[in-house]
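Below: one structure, written as structure tokens.
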Amino acid sequence: MAASLAFEGVTKRYESTEALSGIDLAIEPGSFVALVGASGSGKSTLLKTINRLVEPTQGRVLLDGKDVAASDPTAMRRSTGYVFQRIGLFPHMSVGENIAIGPRLTGERMGEERIGELLTLVDLDPAMASRLPDALSGGQQQRVGVARALAGDPSLLLMDEPFGALDPVTRDALGVRVRELHESLDLTTIMVTHDMAEALILADRVLVMDGGRIVADETPQALANGKGGEVAQALVSVPRHQAERLKELEA
Ligand code: ADP
């Protein structure tokens, strides 16, 4: 069952910066939401308040109606899949051990069969379980990162710039696969990206952040049709100009 999320007046202050300024937001089960915005706009901080890597200074985050501050962080992180920005596999552990690490932290042993199943989900050969991460390409490593995030059967998948380090072709293929998994595994997915094209293609709902606030909350269709205001449209203009330039070259 996909999870629901709600943010109520969520503010995060660091000494001299307000990273988040009173975020109010509700996310329906089954949504694929992209958080887009310039570097430093608060995307990553907002994502991390969900799995308590960041504790809000004020306000609360509700996962399926329950305040995450009152939940057991280990159990909650296990049921909330998290794909790291820099892949973050442990280099001295095999691919299989990396995938099984979440459940292991809660005292469970994951069988070879389940590890193979998870590798298959992300289009990798189950035989890769015994390899070390170094023996895999960047794209394969991030596929393992996605398999690891799915290991606890999450209802919520959080991704922080998941494809940023990958080449464009790999990036596109993995994005499509993640969107398929979002549907087939009935997930709620929140993806941080600075790439508006990726957000428009993969998400159902695009939230644009600027200076710790959400300044646009639109569907990809609405953004493509000029809605969402100045900050959002400045981001949309990048892929739009690229598409126009390509069209000109075709002529
Ligand atoms: P984004 O993900 O959009 O690049 P972040 O959420 O990482 O933005 O950061 C938002 C703001 O909060 C930035 O100004 C950043 O410098 C600041 N910030 C984030 N984490 C910390 C921290 N641990 N200590 C101090 N300031 C931080």
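No hydrogens, no waters, no symmetry mates; every other heavy atom, side chains included, goes into these values. Remember, it's 1-based here, ligands and their atoms both numbered in the order they're listed.
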- Is it possible for you to say whether Leu174 and Leu200 belong to one hydrophobic cluster, with membership spreading through side-chain heavy-atom contacts below 4.5 Å? no
- Residues that Glu28 engages under salt bridge (Lys or Arg N to Asp or Glu O under 4.0 Å), provided they are two or more places apart: none
- Query: Between Thr80 and Asn51, do the side chains contain an N or O donor and an N or O acceptor separated by less than 3.5 Å?
  - Reply: no
- Do you see a donor-acceptor pair shorter than 3.5 Å between the side chains of Arg171 and Gln142? no
Need the list: ligand 1 N/O atoms against protein N/O atoms, distance under 3.5 Å, rounded to one decimal.
| unit_1 | atom_1 | unit_2 | atom_2 | d |
| --- | --- | --- | --- | --- |
| ligand 1 | 2 (O) | Ser44 | N | 2.8 |
| ligand 1 | 3 (O) | Ser41 | N | 3.1 |
| ligand 1 | 3 (O) | Ser41 | OG | 3.3 |
| ligand 1 | 3 (O) | Gly42 | N | 3.0 |
| ligand 1 | 3 (O) | Lys43 | N | 3.0 |
| ligand 1 | 3 (O) | Lys43 | NZ | 2.8 |
| ligand 1 | 4 (O) | Gly40 | N | 2.7 |
| ligand 1 | 6 (O) | Thr45 | N | 2.9 |
| ligand 1 | 6 (O) | Thr45 | OG1 | 2.5 |
| ligand 1 | 8 (O) | Gly42 | N | 3.2 |

- Message: Can you tell me how far apart OG1 (Thr219) and CG (Leu223) are? Round to the nearest 0.5 Å.
- Response: 6.5 Å
- I would like to know whether Thr120 and Leu124 meet side chain to side chain contact (heavy atoms under 4.5 Å, CB included); could you show each step before the answer? CA-CA 5 Å; Thr120 308; Leu124 291 178; over 6 Å; no
